[in-house]
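Order of appearance sets the numbers: ligands from 1, and atoms from 1 within every ligand.
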Amino acid sequence: MKKLIAGNWKMNGLASSLAEIEALKGVTGEAACDIVVCPPFTLIEKAVARTEGSAIAVGAQDCHAQASGAYTGDVSAEMLAEIGARFVILGHSERRSAYREMDAAVAGKAVAVHRAGLASIICVGETREERDEGRAIDVVRAQLEASIPNTATSTNTTIAYEPVWAIGTGLVPTLEQIEEMHSSIRQMLKERMGGDGQHVRILYGGSVKAQNAKAIFGVSNVDGALVGGASLKASEFTGIILAAV
Ligand code: PEP
């Protein structure tokens, strides 16, 4: 399966940061993977213009489940599609914890993303406490079951396994722990989606850097990465992209 390397800029970046996306254009010829960068809403349209004709796709970090209406401050999937976004990250742990986004809300947003013709990157992952209690696999399975809508296919859906305790901390699970979780996610996807579940990409996310990417990409059922901090600088993100061969 062709790997997908996705960058999540979170609430970082002004127009001057677009040079970091543009610098990736030089690397896409060498890259054997799909690349998507998800800047803040304010930069999406500009990023699309600056990457036109390249292999870099642009995505968003969230959207509302409705197409339009009285939802002050929100942005719909249709609005994102209109400005050229192709992916939307949903259910990131920062949104699950800071905005109490529950699985059902994530599923509703994923339906909206699919309705608008975009692809969802649905994030799941356990807390440190849940892992220490031996519940990581069960927690992630329950999140997946309730966060993936019936509109999901291998074309419009990617799963990102991101242990909450590994995001932005420099901590990374062992390769055995990643393998165990990704294999369990694969199993669940096949149960849920039949043969198509075999083709859904499962990304690992949480402190991926150029230096640890190669080893992580060698783990079975790891089909790419969702990268936070290390996606902000083209030099570091390029190292991750080139590790995905
Ligand atoms: C993320 O925010 O999705 C993430 C994985 O962050 P980081 O790579 O900085 O750990």
Go through the side-chain N and O atoms of [X] and [Y] and say whether any donor and acceptor fall under 3.5 Å apart.
X: Ser17; Y: Glu20; value: no
X: His182; Y: Ser220; value: no
X: Gln143; Y: Tyr161; value: no
X: Asn150; Y: Arg192; value: yes

Hits for ring-ring contact (aromatic ring centres under 6.0 Å, His included) against Tyr71, two or more places apart or cross-chain, chain-then-number order -> His64
Run through ligand 1 for me and note each protein residue having a heavy atom under 4.0 Å from it, chain first, then residue number.
-> Asn8, Lys10, His92, Glu162, Ala166, Ile167, Gly168, Gly205, Gly206, Ser207, Leu226, Val227, Gly228, Gly229
Are the side chains of Leu80 and Leu118 in touch, meaning some heavy atoms are under 4.5 Å apart?
-> yes
